[in-house]
Amino acid sequence: WALMKRLSEVVRGLRMLDSGALTSCYVACGRLDGKVSIKTNAFGNAASTVIVEEAGGVVRDFDGHPWSQNMRTMVCSNRTLSGILRRLVR
């Protein structure tokens, strides 16, 4: 909850959606500006990463590392917001 509180102080709105893959698709098509995930699933992350990166977005873990099978946190967004979101979640 601390992460949500911190994000809510600097963004216009937060949404909590059940499907990580669907949320990533929303980021890829521009419906959402970004996505922050904790305790993510490696298989869902693989598909999400391909979709977001093919659309020109960026997918990293909270430390800024690109996708890997062991990734457990995820920040995905456009190239402009990627660094900003990662700084907010640290």
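Position 1 is the first residue of the sequence; numbering continues from there. What you see is a predicted model, and the numbers here were worked out from it, not measured in a lab.
The shortest heavy-atom contact between Val52 and Ser77 is CG1-O, 4.4 Å. Of all heavy-atom pairs spanning Lys35 and Ser24, the tightest one is NZ-OG, 2.9 Å. Of all the heavy atoms in Ile51 and Ala28, the pair that sits closest is CG2-CB, 3.7 Å. Residue Thr73 comes nearest to Thr40 through the heavy atom pair N-OG1, 3.9 Å, listed as atom of the first residue, atom of the second, then distance.
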All N/O donor-acceptor pairs, side-chain side in residues 54-66, below 3.5 Å, sequence neighbours left out:
from  : atom 1 : to    : atom 2 : distance (Å)
Asp61 : OD1    : Asp63 : N      : 2.9
Asp61 : OD1    : Gly64 : N      : 2.9
Asp61 : OD1    : His65 : N      : 2.8
Asp61 : OD2    : His65 : ND1    : 3.3

Which atom pairs, one a donor and one an acceptor, fall under 3.5 Å between side chains of residues 82-89 and the rest of the protein, sequence neighbours left out?
from  : atom 1 : to    : atom 2 : distance (Å)
Ser82 : OG     : Arg86 : NH1    : 2.9

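A continuous path of hydrophobic side-chain contacts links Val75 to Ile38 [ILVMFWY only; heavy atoms under 4.5 Å].
Results of the side chain to side chain contact (heavy atoms under 4.5 Å, CB included) test with Cys76 over Thr49, Val27, Val36 single out Val27 as the only residue that passes.
Rounded to the nearest 0.5 Å, atoms CG (Asn78) and CG (Leu32) are 11.5 Å apart.
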